[in-house]
**Q** 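Once you've had a glance at the structure underneath, I'll fire off some questions.
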Amino acid sequence: MKILGVKGMNDILPDPLGPMSVWQRIEAACRARFDRYGYREVRTPIVEETRLFARSIGEETDIVGKEMYSFTDRKGKKQLSLRPEGTAGVVRSYIQHSVHSKNPITKWWYGGPMYRYERVQAGRYRQFHQIGAEALGVAAPAMDAEMLLMLDGLLRHDLGIQSLTLLINSLGDRADRASYVQALRDYLGSHLTGLCEDCKKRYERNPLRALDCKVPPCQPILDKAPRIKAHLSSEARTHFDTVLELLSGMQVPFEIKPRLVRGLDYYNRTCFEFVAGGLGAHDTVCAGGRYDDLVKTLGGPSIPAVGFALGMERLVLLAPKELSRRPEGPAVFFVSVDEEAISTCFRLTESLRRAGLEAEMDQRGGSVKSQMRRADKVHARFAVVIGEQETSEGAAHIKDLRAGEEVPVETPVSFEDLAAEIHLRLKRSS
RNA sequence: GUGAUCAUAGCUCAACUGGUUAGAGCGCUGGACUGUGACUCCAGAGGUUGAGGGUUCAAGUCCCUCUGGUCACCCCA
């Protein structure tokens, strides 16, 4: 009985066995883009107290209700959970270290694995990775817009994702939302017979979710449902309009989707999603919004905030092929002709590495042919064969594995000059 | 939590309506070329046909259970 990895939790193997280079390129693009917008990386634990998630995400949500990996701490009676999303931990950290009192504006980004016990599906796993960012301390709509500009640049420009659409909506403030939910519930209540079973449940538990329903018979009813827009306070409405104006002013395309809602309870005002084709049943690669009440809800001061999270696995699915170019192999591969030569190769390999070059050898020895095959297999640029003669002369030939058939006769390069010579040849051919 | 579908060598896949010893390509190892890769040719290693049970003279093939993969619903990044 083989021991397998846990369902829904995947290995990401190094290239060319796996898509590691795509992951790394996406991560690098995120870092570079976030840097430019003044976001600094924060790292928080993967495990937090269960209460934190219950309070922030919402006791009634599916995430908290049935999808968390929770357990009791070994000693005390602490209930702990693997984080199902990143914002809660980041905000907890922000409050715990009184960051607001050191700086009125905080821009942080984070990345790492998240855990939700769900049925695995295309673009959805039990351990999945998010990269997200939070801007705390600014209530102005310009912060929402700046964040969307950053994301549009990252996804469309840096990562070259085609068929990308920014969906945007406003959820209003707490009071707006309450009055809207009431209105929506009244409306759905009067049309219960025409709704699907799921929507009947949503009617009771969370009417907003019904707006996302895909069942055809529900559509005409939902199309005529009251819109949140009519329930927005004038402040919330102005905020939303300003965000849209700023986006238009910078030529960032978007689509207002009145029925867009969020899965987590803490959002208010601006909420958005970047969607793209090619993700199977899901189409969201990035989602986020404003959460002006969360910091206070978690016991901190009243600090407004906006944030988002990108789904790495989904990004990887969408990434254009150019991102998966195979990485370079070692600069030099040392081949040993016999047992004695192995120690010379060992020395030379290390000396090239100390000189900053990627060098490799086959410590097992074996036939020259098989070692040359290995050199080719790992895409080494040069091969250096070491035998009795090279060891006694302290010099060796350098074979260019990319040069093709003709190998011009040349004078051997002394071991001392090897690193410099390789550096020179690499520079010349680049 | 619900449903569909699949599982044969390291990988991608064959094996007529159940019927001899489960094959191929790629990859791996070695050789042709006794110290030089990629191309060619030759050879070799590698399988409890996902696991367990059942039907049958006979099961990779049919039935049941489990595990795992994939996809969809719910929900979500």
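Every chain is numbered from 1, with letters handed out A, B, ... down the list of sequences. Worth saying up front: this structure is predicted, and the values here are computed from it rather than measured. What you see below is based on every heavy atom in this structure, not just the backbone, and it leaves out hydrogens, waters and symmetry mates.
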**Q** Between B:G44 and B:G23, how many Å separate the two P atoms, rounded to a whole number?
**A**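 B:G44 and B:G23 have their P atoms separated by 13 Å.
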
**Q** Using atom P in both nucleotides, what's the gap between B:G30 and B:A38 to the nearest angstrom?
**A**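 It works out to 12 Å between them.
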
**Q** At a cut-off of 3.5 Å, list every protein nitrogen or oxygen paired with a nitrogen or oxygen from nucleotides 1-6 of chain B, distance to 0.1 Å.
**A**
| residue | atom | partner | partner atom | Å |
| --- | --- | --- | --- | --- |
| B:U2 | O4 | A:R119 | NE | 3.3 |
| B:U2 | O4 | A:R119 | NH1 | 3.4 |
| B:U2 | O4 | A:R119 | NH2 | 3.1 |
| B:G3 | O6 | A:R119 | NH2 | 3.4 |

**Q** Does any donor atom in the side chain of A:E273 or A:T284 lie under 3.5 Å from an acceptor atom in the other side chain?
**A**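 Yes, side-chain donor-acceptor contact under 3.5 Å.
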
**Q** Say you draw a straight line from CG of A:N268 to CG of A:D176; how long is it, rounded to the nearest 0.5 Å?
**A**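 Between atom CG of A:N268 and atom CG of A:D176 there are 9.0 Å.
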
**Q** Would you mind reading off the distance between A:H397 atom NE2 and B:G37 atom P, rounded to a whole angstrom?
**A**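 Spelled out: NE2 on A:H397 to P on B:G37 is 16 Å.
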
**Q** Roughly how many Å is it from CD in A:Q371 to P in B:A38, rounded to a whole number?
**A**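 Value for this atom pair: 14 Å.
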
**Q** C1' atom, B:C13 versus B:U49: distance in rounded Å?
**A**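 About 13 Å, rounded to a whole number of Å.
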
**Q** Measure from the side chain of A:A122, starting at C-beta and using heavy atoms only, and say which of B:C75, B:A72, B:G68 lies closest.
**A**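 Ranking B:C75, B:A72, B:G68 by closest atom to the A:A122 side chain puts B:A72 first.
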
**Q** Which is true for A:E197 with a 4.0 Å heavy-atom rule: it touches a base, it touches only sugar-phosphate, or it touches nothing?
**A**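 Nothing, no heavy atom under 4.0 Å.
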
**Q** Given the C1' atoms of B:C41 and B:G68, what is the spacing between them in whole Å?
**A**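 Approximately 41 Å lies between the C1' atom of B:C41 and that of B:G68.
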
**Q** A:M68 has an atom CE; how far is it from atom C1' of B:C76, in whole Å?
**A**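 So the two atoms are 15 Å apart, to the nearest Å.
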
**Q** Rounded to whole angstrom, note down the C1' distance from B:G46 over to B:U29.
**A**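 One C1' to the other, the span is 11 Å.
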
**Q** Just the rounded figure in Å: distance from P of B:C74 to CZ of A:R116.
**A**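 Rounded to whole Å, this separation is 16 Å.
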
**Q** Which side-chain N or O atoms in residues 186-194 of chain A pair as donor and acceptor under 3.5 Å with protein atoms at least two apart or in another chain?
**A**
| residue | atom | partner | partner atom | Å |
| --- | --- | --- | --- | --- |
| A:D186 | OD1 | A:Q182 | NE2 | 3.1 |
| A:Y187 | OH | A:I221 | O | 2.5 |
| A:S190 | OG | A:Y187 | O | 2.7 |
| A:H191 | ND1 | A:Y187 | O | 2.9 |

**Q** With a 4.0 Å cut-off on N to O distance, would you call A:E358 and A:R353 a salt bridge?
**A**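 Answer for the salt bridge query: no.
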
**Q** How about CD on A:Q96, more than 12 heavy atoms from neighbouring residues, nucleotides or ligands closer than 6.0 Å, or not?
**A**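 Enclosed.
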
**Q** Check whether any side-chain heavy atom of A:I26 sits under 4.5 Å from a side-chain heavy atom of A:M312, and report yes or no.
**A**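 In contact.
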
**Q** By the 4.0 Å heavy-atom rule, please label A:R202 as base, sugar-phosphate, or nothing.
**A**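 Since only primed, P, OP1 and OP2 atoms lie under 4.0 Å of A:R202, the category is sugar-phosphate.
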
**Q** What integer number of Å spans the C1' atoms of B:C64 and B:G25?
**A**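 Nearest-Å result for B:C64 against B:G25 at atom C1': 36 Å.
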
**Q** Around atom CD of A:Q24, are there more than 12 heavy atoms from other residues, nucleotides or ligands closer than 6.0 Å?
**A**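 Atom CD in A:Q24 is packed in, count exceeds 12.
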
**Q** State which of B:U70, B:C75, B:G35 makes the closest approach to the side chain of A:V385.
**A**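 Of all the options, the side chain of A:V385 is nearest to B:G35.
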
**Q** Between A:C213 and A:V120, which residue's closest nucleotide on RNA chain B lies nearer the 5′ terminus?
**A**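 Going by which nucleotide is closer to the 5' end, it is A:V120.
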
**Q** Expressed in angstrom and rounded to an integer, what is the separation of A:I386 atom CD1 from B:U36 atom C1'?
**A**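 Answer to the nearest Å: 13 Å.
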
**Q** Indicate, with a heavy-atom threshold strictly under 4.0 Å, whether A:L264 touches base, sugar-phosphate, or nothing.
**A**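 If one applies the 4.0 Å heavy-atom cut-off, A:L264 turns out to touch the sugar-phosphate alone, with no base involved.
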
**Q** Answer yes if the side chains of A:S429 and A:R402 hold a donor-acceptor pair under 3.5 Å, and no otherwise.
**A**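 There is no such pair between these side chains.
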
**Q** Is there a donor in the side chain of A:Y94 and an acceptor in the side chain of A:E134, or the other way round, less than 3.5 Å apart?
**A**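 The criterion, which ignores hydrogens and geometry beyond distance, is not satisfied for A:E134 and A:Y94.
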
**Q** Distance-only check: which donor-acceptor pairs under 3.5 Å involve side-chain atoms of residues 330-342 of chain A, not counting sequence neighbours?
**A**
| residue | atom | partner | partner atom | Å |
| --- | --- | --- | --- | --- |
| A:S336 | OG | A:Q371 | OE1 | 3.3 |
| A:D338 | OD1 | A:E340 | N | 3.3 |
| A:D338 | OD1 | A:A341 | N | 3.0 |

**Q** Using the C1' atom in both, what is the distance from B:U56 to B:U61, to the nearest Å?
**A**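 Taking atom C1' in both B:U56 and B:U61, they lie 13 Å apart.
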
**Q** If pairs are Watson-Crick or G-U with both distances under 3.5 Å, what is the dot-bracket string of RNA chain B, marking crossing pairs with [ ] and pairs to another strand with |?
**A** (((((((..((((.....[...)))).(((((.......))))).....(((((..]....))))))))))))....

**Q** Would you mind telling me which of A:V138, A:L136, A:D292, A:D293 makes a side-chain contact (heavy atoms from CB on, under 4.5 Å) with A:P304?
**A**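 Of the listed residues A:V138, A:L136, A:D292, A:D293, the side-chain contact (heavy atoms from CB on, under 4.5 Å) partner of A:P304 is A:D292.
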
**Q** Has A:Q121 got a side-chain N or O lying under 4.0 Å from the OP1 or OP2 atom of B:C71?
**A**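 No, no such contact exists.
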
**Q** Please lay out, stage by stage, how A:R290 and A:S170 fare under the test side-chain hydrogen bond (donor to acceptor under 3.5 Å, both in side chains).
**A** CA-CA 9 Å; A:R290 189 158 268 289; A:S170 176; over 6 Å; no

**Q** Tell me what A:K66 touches on the nucleic acid: a base, only sugar-phosphate, or nothing, going by heavy atoms under 4.0 Å.
**A**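 Nothing, no heavy atom under 4.0 Å.
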
**Q** So, is the end of the A:R126 side chain (NZ or CZ) under 6.0 Å from the ring centre of A:Y117 and within 45° of the ring's axis?
**A**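 Yes.
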
**Q** In whole angstroms, how far is the C1' atom of B:C76 from the CD1 atom of A:I63?
**A**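 Rounded to whole Å, this separation is 6 Å.
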
**Q** If I take atom CG in residue A:D265 and atom C1' in nucleotide B:C76, what distance separates them, rounded to the nearest angstrom?
**A**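 Going from A:D265 (CG) to B:C76 (C1'), I get 14 Å.
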
**Q** Side chains of A:Y110 and A:E41: does their closest heavy-atom pair fall under 4.5 Å?
**A**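 No, their side chains stay 4.5 Å or more apart.
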
**Q** With a 4.0 Å cutoff (strictly under), does any side-chain N or O of A:K369 reach OP1 or OP2 of B:G37?
**A**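 For B:G37, OP1/OP2 do have a side-chain N/O of A:K369 under 4.0 Å.
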
**Q** Could you state the atom-to-atom distance from CG of A:L317 to C1' of B:C76 in whole Å?
**A**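 From A:L317 CG to B:C76 C1': 15 Å.
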
**Q** Can you check the distance between B:G10 and B:C28, where both ends of the measurement are the P atom (answer in whole Å)?
**A**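 After rounding to an integer number of Å, I get 15 Å for this pair.
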
**Q** Under 4.0 Å from any atom of RNA chain B, heavy atoms only: list the residues of residues 272-285 of chain A that qualify, in numerical order.
**A**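 Within residues 272-285 of chain A, the residues near RNA chain B are A:G280, A:A281, A:H282, A:T284, A:V285.
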
**Q** Give a yes-or-no answer on whether the side chains of A:T344 and A:E390 include a donor-acceptor pair shorter than 3.5 Å.
**A**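 There is no such pair between these side chains.
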
**Q** Should the side chain of A:E67 and the base of B:C74 be counted as holding a donor-acceptor pair, with the cut-off at 3.5 Å?
**A**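 By the distance-only test, no, there is no pair.
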
**Q** Just to be sure I understand the rule, does A:A287 reach a base, reach only the sugar-phosphate, or reach nothing, if contact means heavy atoms closer than 4.0 Å?
**A**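 It contacts sugar-phosphate atoms only.
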
**Q** Between the protein and nucleotides 25-30 of chain B, which nitrogen or oxygen pairs come in under 3.5 angstrom?
**A**
| residue | atom | partner | partner atom | Å |
| --- | --- | --- | --- | --- |
| B:G27 | O3' | A:K377 | NZ | 3.0 |
| B:C28 | OP1 | A:K377 | NZ | 2.9 |

**Q** Hydrogens and angles aside, do A:H239 and A:D144 bring a side-chain donor and acceptor to less than 3.5 Å of each other?
**A**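 A donor-acceptor contact under 3.5 Å links the two side chains.
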
**Q** With RNA chain B as reference, determine whether A:L310 or A:K7 sits nearer its 5' end, using the nearest nucleotide of each.
**A**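 Result of the comparison: A:K7.
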
